[in-house]
Amino acid sequence: MSESHRRPFSLLPGKLLSGKSAEPSPGRLFWMDFFASPVATLSLVVLIVIVLAAVFAPLIAPQNPYDLSVLDIMDSRQPPGSESSTGMVFLLGSDGAGRDIFSAILYGMRTSLLVGISSGLLGMGMGVTIGLVAAYKGGRVETVIMRIVDLQLSFPTILIALILLSVVGKGVDKIILALVIAQWAYFARAVRAAALAEQRKEYVEAARVLRLSHARILFSHILPNCMPSLIVIGTLQTASAISLEATLSFLGVGLPPTEPSLGLLISNGFESMMSGRYWMSLFPGIALLIIIMAINLVGDQVRTVLNPKGRG
Amino acid sequence: QAAEIEELRIGCFTEPPSLDPHWQNTAASNSLSQHIFDRLFHADENQKPVPALAEGWKVIDPLTWEIALRKDVKFHDGTPFTADDVLFTFERSQNVPNSPFSFKSYLGNKKLEKVDDHLIRITTPSPNPILINEIMTVSIISKRVGEKATTDDYNRGTAMVGTGPYRFVEWRSGQHIRLERNEGYWGKKPEWMQVTLRPISSNPARVAALLSGDVELIDFVPPSSLERLQSNKALSLSSKVSNRMIYLAFDHSRVRSPFVKGIDGSEIDNPLRKLEVRQAISKAINREAIGSRALEGMGVPAGQLVPPEIFGSAPELGPDKFSVADAKALLTKAGYPNGFAITLHSSNDRYVNDAAVAEAIAQMLTRIGIRTAVETMPYSVFVPRATGGGPEGLSQFSLFLYGFGGQTGEASVALRSVVATYDKAKGLGSSNRGRYSNPEVDKLISQASQELDDTKRAALMAEATRISMADVAVAPIYFPVNYWSTKKGMTYRARTDERTLAMDTLGGQG
Amino acid sequence: MVATSTRSPEKPDVLVEVEGLQTYFLTRGEPMRAVDGVSFKLHSGEVLGIVGESGSGKTITGHSILGLVEPPGRVVGGSIRFRGRDLLALSDEELRQLRGDAMAAVFQDPMMTLNPVLRIDTQIMEAIWSHHRVSKVEARRRAVDVLRLVGIPSPEKRASAYPHELSGGMRQRVVIAIALVNSPALIIADEPTTALDVTIQSQIIYEMRKLCREKGTAMIWITHDLSVVASLADRICVMYAGEIVEEGDTEKVLGQPAHHYTRGLIASIPSGSQPGEQLPQIKGMITRYPAADQGCRFRDRCPAKTDLCDTRPPDVRVSDSHSAKCHHPAHASAALAQESVS
Amino acid sequence: MNAAASIKPQILLSARGLSKTFRAEDDLIARIARRIGLAGPPSVVRALDDVDVTIHKGEVLGVVGESGCGKSTLGRTLAGLIKPSRGEVLYQGQDIHGKGANNKLRLKMQMVFQNPHASLNPRKRVGDIIGEAVRAHRVVPPRDVDRHVSAIMESSGLDPQWKSRFPHQFSGGQRQRINIARALAVKPDLIICDEAVSALDVSVQAQILNLFLELRRKFGLSYLFISHDLGVIRHVSDRIAVMYLGKVVEIGEASDVFARPAHPYTQALVKEIPSIKRDVNSFQPIKGELPSPLSPPSGCHFHPRCEFAGPRCRSEVPRLTTLANGHQAACHLLTPGDVTQEAAA
Amino acid sequence: MTLYILRRILQSAFVALAMSMIVFVGLNVVGNPVDILMPADASQQDIADAIARLGLDRPLHEQYFVFLKNALTGNLGISFVNGQSALATVVERLPATLELAVVAMILALVIGIPLGFLAGLRPNSLPAKAIMSSSIVAFSLPTFWIGIVFIMLFAVQLGWLPSGGRGLTRSVFGLELSVLTLDGLKHILLPALTLSLFKIALIIRLTAAGTVEVSGQDYVKFARAKGVRRGRITYVHILKNVILPVMTVSAMEFGNIIAFSVVTETVYSWPGMGKLLIDAIRMVDRPVVVAYLIVCVLIFMILNLIVDIVYSILDPRISLKSESA
Ligand SMILES: Nc1ncnc2c1ncn2[C@@H]1O[C@H](COP(=O)(O)OP(=O)(O)OP(=O)(O)O)[C@@H](O)[C@H]1O
Ligand SMILES: Nc1ncnc2c1ncn2[C@@H]1O[C@H](COP(=O)(O)OP(=O)(O)OP(=O)(O)O)[C@@H](O)[C@H]1O
Ligand SMILES: [Mg+2]
Ligand SMILES: [Mg+2]
């Protein structure tokens, strides 16, 4: 009720309204605000570099760590900087199978990012569709959907993933499946909440009086306005998916050992820490930390920028 | 002088799931039960039977044995030990409610009679040379206590009444088991007044516990810490080759094997049925490297089913010579000059560094042209798939890494389980998942199982071993070496059967 | 009772004197000149209405007096005297002692002004305790008294309620009670009825007026609605773009508005004209001029604009108690009312 | 009477016996619990209670009332946004809530909303906002859409060059013009304005009111004009309906209602119309608070606040009675004769 | 209220049912425990006998039906591995997990709320920025990795704290508690800290966001206008409004802490139910897995219930009657 008495538009400087200059679109404004934070900018750059490095790993990596024929068990556990039997330098040392840690990290990032991003996207797709339908349909459909979401959310992600993986077995596809099943509910809840809030706004009512089709209202009006909260949740869930994959690999239900993800590298090298062979676990750990942190920092800034209260 | 030493704290890799001595027959269970319960015969560090509650045995005829019992033995509750307890034990150990395991496999075909209070007679339907080895698996419990006791009573401790060197004090699941010395023990009293067994399953944590002085002894020293412990002046290590053999199993039976493909991905006939291919695989494996690298020194190369010291082995049989050239030649001879593609399956949480070994083997096979992928999984998933889901089914794998270790301490079990032709009715070939079959081997095994003369029996078993190894029925890779580590000045008498016993821990000058 | 007597300008007891007040918001880029050179006087017992459109700086003026402007906002110029003391020179603690005691505030939205997790009596008693050392019993008694005073039925019971248990009108009464509890000399009421229903709004205005008259409390009533202050204020200030453009006795300002902005405002009230007819309207919208600009801020929208308006700051006294910032103040109201229609 | 009716132009929209109740979502467990007596009855809000209204072609019907009395619910029901619990809405004789109601028909009723900030999709450009429905419903041939939008913008007082701008680049008044343009673009006959000017400053409000009146003249539009501000309502309306707690308590020609308010509530409201010329001392507000719609008072909903209330008011719900010339009010204290006489006098 | 509790209980029963079904089907696919529990030299007949003894030879739906029938009497089956009641096996480990979780939660609250509050009060100050960025770091660290690094650092390199296990406990009302002995405290510190790190970060962020939000509210400004002292504004007006939602979320997170103790307990060999679960999964000990999940569902349910009830008592605005979930 107090809404009517706040007049935010009065804050606009007059020159905006006088006509000529092309105002930046909301997208441009977003990026301008985003880059205002040097930390977030740096994180974004780091993230881009990491993604590029992962994508082009076969070109960058001195070794294909997944190709058993180029690995030699005699090269196992070499410290950083030492030379392999074929004369290649182990920049960050080698692991128990004689795998170059640096190459393994690059390839591992691929797996980790693949798992994180695809489970994030799939989870988002599934959650968004279900959440939107719930919000728009209302009534019994909504009640049933939200009950399921509640149930899912009342159960910690890690347990769901753990049980699921011990059931379906190993593999990237399986782990993505497990993560999607464990995470879609977060998206569904968020998108429903956002959509409900948007739906109450009068522009949706206006679209309904204009008799636009349901699909159009949902996907062209409501969904784009839910994007801010989705982006935020998306980044956070991606980060947590990567972390979760690592954890699951650590618990032994993650990925096959010959194609290690970062989590598996860490977990494989974990015990060697005791004997001072820190590099096998530490470097992948740092790589994992950097990825998750960069995503979180980017997500954090996105949240700050998109939150109208946070804007100057 | 022994009484001066107060407490021994042991960091154990595994905790027995139940204190009931007949619940299962694993190293963890036996480690604990041996402190509290005696057996008729104890296994020495090489798993040779030595008289314990029994004074000795007499073979009356090939089907009848008589065993004399010690007369000076009292249970912890003061009641004397008699033949009734043995009879009761044999009965109960085969029928523990809810137990997944039953001692029937060791005792099922034996008839037990009480001759007098301290003499029992055992009759068997056919001659059984390993009778003593079989009965030494069972912990003798008190009839008086045991009659009313359930597994729960053992777990609570109320039924933990044996004749052993230690008495039970308390069990906190996941935390510790406390024991105190049985001052009325009939045999040699151990040095330690009190013993605490602490399960610390995390390897670094177990090592750290030793390093920080939280415990005096740890078992299953992890390979990653071996170097560090070896170089630590305040600690000492002891080791023993275990009775377990880790081997590669081949699919011998199927013409088309599920995980074999041509190098171009096409379907091909199962090359593992060809002797040369199996030989090539065996020769391609650098067992030394696996022992020193993948296992970080915790494995010795294996050339047969049991370590050469064990009764019934073929002492002269060494591991296959590693030679890439020979392996390639054999492969070419078998008709696979360009190799083929195969998937090697393995567990990843069962044997020390099992996944790493599988990976190393895959590397080595890939090097001779057999393009090998590795798939590892938890043991719980691995076993049913390797075994084929049911006793009748074939293995789902083509080539897989498995381990075998018998509890009776001689070669016959390995022969009967691993290389004897699969025969459910006779209980033969239960671990023969690749379905190797050679009538000659089967004949030798069956002869050996009836032969009471040790020398002849040993020769029969050795011959069976030789033939099956020449066939490369399986490719033995290594025998794991188990390490125990103690504080300096103490020594642990390392055992083949992987048990960790306070009685075998010597405080030295302490 | 004092209301009529204090209104005469000869009476020297000036309670608040604001002189050239400037409050800016120093955000990215150019500072936002929310209040830019506001001056007025307020005598004890007098009710001053500040009217103006949204964003004209009314709230910030009130906050500046109370010392409640928060960063990035800052009072950058001018002076505020309260009973002769310069408020801008006071320490935080001295200012705090004044706030809620000698001068109190009522905010716009009663839903937002009360702390949702504290009981009503707690919120009243803490206002007492912040300024006076009294016993709990005494504080509570005062709280109940003041609740009764503002017309809350069964105040003993209502005192231990939480804000959400009361209706909007009741809540605003509680807020007013909090403002009154220490018998302040000045109440700054910032749109206290805007969020309320029409009938409740009338009740609150009616009661506030009565209370101030009875207690001789001076009041600054901030609103965007001219018709609200018409029945309430002794004097009116009209704000436009951070400035007071017209100031004077209520009858004068509303009856013979001098500034063309005031005239436009009055004319655009629908109830003033014949139903169905075109309403006179002010053309265009508010313009923000650069800081260096000397001219009249309303000139773009003014029907009487001349070149003079572009360059010189306007300031005209229409009469003793009526002034307007305009070079061409309107005298004959009828003629100019027509003119301001675009 | 008959003569008066025949002068009236054709009826555009009529609603009969409209009721709308909102109740809390009921799930299975709640229902079971209620069945076995573990929970009380669900709370019900009667937002509309047996309301009849008609709007004639070219007419402006004003609706006034306090917050929560059901004004918006009425507007939204008439616009077809929510289904009534009971009653029907006929647009040119066709039921708009019925199964067969087609979009073309319903498109003829448009709405303009209160909040100039929330009523425009922040992610769409102004041109799209105005043109989207035009395109979707082929109100004009596709190639004419652009021209159509420009024309509409111009009639709404917007510069057509602003088409590619985003809503946040406009002031409140301009946004309200965009809202109006959006509604106009589909060529409606009736526009329902729900507090369309309440959020605006007086000076801007005047601009928008003028625009409404101008468009009415230009396009012959009808309006349902909802507001809590009697001054605004009086300015724009031909007829006025006064609502109180979900009921229409008085309805009639604007001039009649203002000159001779019949219901005590209306009388008080009319007295309270804010005016700068109000006599300071004579004014006495309505006492008491607006009761909760969850538990409305018995009988006449207004009786707790009414100074004339008698025992009958407490027990019996008054029905609308016609006083004169289509002027109706729901109050026990009135008899048609009374007012007619008064009016005649 | 009754209705509300009823709804919660029914919901939880449904979760438990669904979970047990999934686990039943799932673990059946994985395999059976007999293969793992039997010694390598067991014969085929031994194995078949054991399968029959455990009832695993019956059709799955029959097994499930038997389970359901027993479950209604509170019997969740007998562990395949140790032969004890599965429920008892889990409940026996419950105190250790609860203690770890409680200590972690307390750590998280005691560290998180003050830091978050501090950061929220002056969001642009340097310390606030430092706190907020470190919270992101803590947010990003996978629990198991922190565990490894902590062990490496504090146990192995520095030797200050033990690397695992539970240490000495003391019994209070039949509960074994570590925090009462020095040795126990030393043992619980690292795992609890590891477990709490993520929550600390979460609580910092929640508290800071809440504080910023509340500080800008009109009622805070009005309190200032009343002349209320800064201290009272900060610790009564702001903190009271901030802390309630933070406490609620934290209590909800308690369930998550219990779940995540699976990881921590594995790293630190902490003898709680998390480790039990991992072992049980490894051994395909279905009854224990099911019992664990049901115990978890119960804990979550009770927790949610308590949170909601306490919240409705503490926050005057909330009433359970109107809540539909
Ligand atoms: N926190 C802030 N940051 C930046 N500018 C501000 C802030 N608060 C207010 N302003 C500016 O100060 C000007 C005056 O604001 P103020 O709140 O005093 O207006 P008002 O006259 O009270 O309007 P309303 O009727 O909408 O309450 C506004 O135009 C606004 O741009
Ligand atoms: N979707 C809904 N669910 C439940 N109750 C509702 C809903 N919409 C409206 N109501 C209730 O119906 C009653 C009438 O609401 P309505 O919005 O029509 O009032 P209004 O006269 O428009 O008030 P305002 O002046 O505040 O806009 C109110 O009590 C409101 O709480
Ligand atoms: Mg204001
Ligand atoms: Mg409304």
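Order of the sequence lines sets the chain letters (A, B, ...), proteins ahead of strands, with each chain counted from 1.
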Heavy-atom proximity to chain C below 4.5 Å, by part of Arg305(D): side chain
Distance-minimising heavy-atom pair for His235(D) and Glu277(C): NE2-O, 2.8 Å
Test side-chain contact (heavy atoms from CB on, under 4.5 Å) applied to Leu279(C) and Val202(D), Leu213(D), Leu209(D), the passing residue: Leu209(D)
Lys157(C) NZ: over 12 foreign heavy atoms closer than 6.0 Å: no
Value rounded to 0.5 Å, distance of CG in Leu200(D) from OG in Ser268(C): 12.0 Å
Which atom of Asp201(D) lies closest to which atom of Ser54(C), heavy atoms considered: OD2-N, 2.9 Å
Contact origin within Leu269(D) toward chain C - heavy atom pairs under 4.5 Å: side chain
Minimal non-hydrogen separation, Ala206(D) against Gln281(C), with atom names: O-OE1, 3.7 Å
Pairs of heavy atoms under 4.5 Å with chain D: top-ranked of Gly276(C), Pro153(C), Gly151(C): Gly276(C)
Gln161(D) atom CD: more than 12 heavy-atom contacts under 6.0 Å: no
CA sep, side-chain torsions, deciding dist, call: Ile282(C), Val204(D), side chain to side chain contact (heavy atoms under 4.5 Å, CB included): CA-CA 8 Å; Ile282(C) 305 172; Val204(D) 183; over 6 Å; no
Top contributor to chain D contacts, counting heavy-atom pairs under 4.5 Å, from Glu207(C), Gln274(C), Gln278(C): Gln278(C)
Atom CZ of Arg33(C): over 12 foreign heavy atoms under 6.0 Å: yes
CD-CD distance between Gln205(D) and Glu53(C), expressed to the nearest 0.5 angstrom: 11.0 Å
Distance (rounded to the nearest 0.5 Å) between Ser203(D) OG and Ile266(C) CD1: 13.0 Å
